[in-house]
Structures are given as structure tokens and as C-alpha cells.
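Keep in mind that what you see is a predicted model, and the values were worked out from it rather than measured. Letters A, B, ... mirror the listed sequences (proteins, then strands); counts begin at 1.
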2 protein chains.
Amino acid sequence: MARFVRAFGLHQPDRTPCGTPVPVSEAHALGELAREGELRQVELVHRLRLEKSTTSRIVAQLVRRGWAERAAAPGDGRGVLLRLTAEGHQAAERLAEARRTRFDAALDRIPAGEREAVMRALAVLTKAVDD
Amino acid sequence: MARFVRAFGLHQPDRTPCGTPVPVSEAHALGELAREGELRQVELVHRLRLEKSTTSRIVAQLVRRGWAERAAAPGDGRGVLLRLTAEGHQAAERLAEARRTRFDAALDRIPAGEREAVMRALAVLTKAVDD
DNA sequence: CGACATGGTTCGACCGTACAACCACCTGAT
DNA sequence: ATCAGGTGGTTGTACGGTCGAACCATGTCG
């Protein structure tokens, strides 16, 4: 496990393991938003497992980069609804591309017959770890 | 993958995912030293995938805690040979215990028939990711 | 003997995260 | 209708892990 963390480069939180100079948490936020389309900020807190203060800053950073925009949440005057801008979607796509490249390279080193089993195992492990 | 990182708590580098209030990198260093007995500091640099400056600081921290001690490397006046103290071994054991607890809990949530396959898959993936 | 490489340390800067305090808004009970 | 307590967000502050560069000592090779 420890080996995996180091090999994957997870100990450097301000750089994506896939080589992109974007903080890991920001990349994750971008990914969630890209998949969901819209997201309440509080939902992002839960998915990213961060404090709301940290999440607030990350969102501010995304907005500053021009990747996301805040809107009022429908039916709740307190909430913030997040949405990716056009540039945000492009950035997410670039990130996904880098991720694909990185993973393809890794998968190449896994015997073809085992690939699917490994991917499924990772999903199982994630679910098991997730309390 | 991203889900796994968040679920496992890897985004918080100053706390072990297993609940111990010890920085992740320090825990990894402790683990390597416990397994190897002795280790050159430069070897730790490679295994931890850190800069030598960062490694130096981590070692200093271990020494400060009374968990490790530096010695001259045999046959090389520049090098530093690292060794765990008695307290260091105890600390490593406590860490291993916490890890075991955490993993057992996770493994309990994996169908018995799949456990071995999942563990093997993780090893395969680590090797594949490791350039 | 001199040039370059290697192992370590120290210094400075950056940045991600948590915690606390605070505000705005919502909700439910009286 | 009102007030208490809960929830969503922001800002200030502190902490700490990591890197890069400068520097030193030691080893190595021509």
C-alpha cells in the first residue's frame, strides 16, 4: 500500500500524479463537476472529504482560473451551485487525457488477461475502505 | 482512482490513513527501516520518492522523536546509516497494528473469495504504475 | 592534483489543510 | 410570529509537508 502511494506520486499534493501542475484536490473537484454538470458546494465537501473552508478556497481557485462559476442554489438562499465554464470543460478534458495517457502506460505493463480483474479489484477495495 | 484516494484519506499528509497522528511520509520511513533493519539515507530518498532535503528533515524528526539514530556509513565518509532504536521498533509495531486493524476492517467488507485476488491486484497495479 | 559527481544539511518559499469565529439563511417548536 | 438551533459558506490564522537552491564534505576519475 505504502509502495503504491509513493510509486503513484500521491505524496505531492500540488501536482497531479499524471503530470499536470494542478493540485490534486482541484483536479478531483474538476472531475466531479465535469461528471455531474452541476453540484452544490456542500456536495463537493462530502465527495472530496475536505473541510468546508478548504473546499471554499478550492472553489475560489477554480473560479479564479476561469474554470467554474458560482450561482445561487435553487430553493436555498444559503447554498452555492457550481458549474463548469467552457474553459473548465476543456481543462477537465485535458486532465482526463493526461490521466488516460498515464493509465494506458501502466495498463500496458499488466498482462492483458489480468487488466479487467485489477480494475475491478480497485473498485472493490475502494468500496471496502469507504467505511 | 480519485475516489479511492479520498476514501482512504490520502489527501491529508500529516495524518496516517489508519488514524495515527503521524505524517504519512514519516510512517513510510519507519516502515522501511523496520523492514530493512539498517538503511542508507540515500536509499530512503529513493524509496520515499522525496528530495534529499525533505528526507533529511524527516530523518531529523525521527531522531528527535527518539525513534531512529544516525551512524556513519561504513566505507563512505559522506553517507549516513540509519537504524531504529528500541522505541522506534515499538512505534513501528504500533503503526503496523493500527494498519492491521484498519485493513482487517476493510477486508471484512470484501467477500472472502475475492480477498486474495484484490491483494494480488494491488501489487500488480503498483508494479505497473512504478514506471 | 584538479574537475566533477554524490550524499547531506540548511534556508527560504509555497501551498494545501484544519480549526475557529463569524454571517446568512433555513427549520421546527412554542 | 418569534426565537433557538442547525446548516451552508467565507475569512483569518496557524501548521506543516514539499521543493529548489546554495553550500559543504567526501568520493571518483582522468
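With hydrogens and angles ignored, the 3.5 Å screen pairs a side-chain donor or acceptor of B:Arg115 with a backbone N or O of B:Ile110. A donor-acceptor contact shorter than 3.5 Å links the side chain of B:Thr101 to the backbone of B:Glu97.
In this structure, CG of B:Leu62 is placed 12 Å from P of C:dT9, rounded to the nearest angstrom. Following rounding to the nearest Å, A:Asp76 (CG) and C:dC23 (P) show an atom-to-atom distance of 20 Å. Remark: C1' of C:dG8 and CG of B:Leu81 are 14 Å apart, rounded to the nearest angstrom. The separation between B:Leu44 atom CG and C:dT9 atom P is 11 Å, rounded to whole Å.
Using modelled atom types, one finds no donor on one side chain facing an acceptor on the other under 3.5 Å when comparing A:Arg99 with A:Thr20.
Five base pairs at each end of the helix from C:dC1-D:dG30 to C:dT30-D:dA1 define two local axes, and these are offset by 20° (rounded to 10°).
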Generate the contact string for nucleotides 14-21 of chain D. Rules: B means base contact, S means sugar-phosphate contact only, - means no protein heavy atom under 4.0 Å. ---SBBBB

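No side-chain heavy atom of A:Arg40 sits less than 4.5 Å from a side-chain heavy atom of A:Val45. Contact check for B:His11 versus A:His28: no side-chain heavy atoms found under the 4.5 Å cut-off. With a 4.5 Å cut-off on side-chain heavy atoms, B:Arg47 and B:Glu43 count as touching. In this structure the side chain of A:Glu38 never reaches within 4.5 angstrom of the side chain of A:Leu82, judged on heavy atoms. Looking only at side-chain heavy atoms (C-beta outward), A:Pro17 and A:Leu10 come within less than 4.5 Å of each other.
For the atom pair A:Leu50 CG and A:His46 NE2, the distance stands at 11.5 Å (nearest 0.5 Å).
Here A:Ser56 does not reach the OP1 or OP2 of D:dG9: none of its side-chain N or O atoms lies under 4.0 Å away.
Of all the residues in residues 32-43 of chain B, B:Arg40, B:Gln41, B:Val42 reach under 4.0 Å from DNA chain C with at least one non-hydrogen atom.
Under the 4.0 Å criterion applied to side-chain N and carboxylate O atoms, A:Arg3 and B:Glu32 are assigned as salt-bridge partners.
Positionally, the nearest nucleotide of DNA chain C for B:Arg70 lies more toward the 5' end than for the other of B:Arg70 and A:Gly77.
Under the side-chain contact (heavy atoms from CB on, under 4.5 Å) criterion, A:Ala29 pairs with A:Leu44, A:Leu48, A:Ile58, A:Leu62, not counting sequence neighbours. Scored by the side-chain contact (heavy atoms from CB on, under 4.5 Å) test, B:Ala121 finds A:Val118, A:Ala121 as partners (sequence neighbours excluded).
Note on A:Leu122 and B:Leu107: same hydrophobic cluster, where clusters join Ile, Leu, Val, Met, Phe, Trp and Tyr whose side-chain heavy atoms are under 4.5 Å apart, directly or indirectly.
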Under 3.5 Å between N/O atoms: give me all the protein pairs with nucleotides 4-6 of chain D, atom names plus distance.
residue, atom, partner, partner atom, Å
D:dG6, N2, A:Arg78, NH1, 3.1

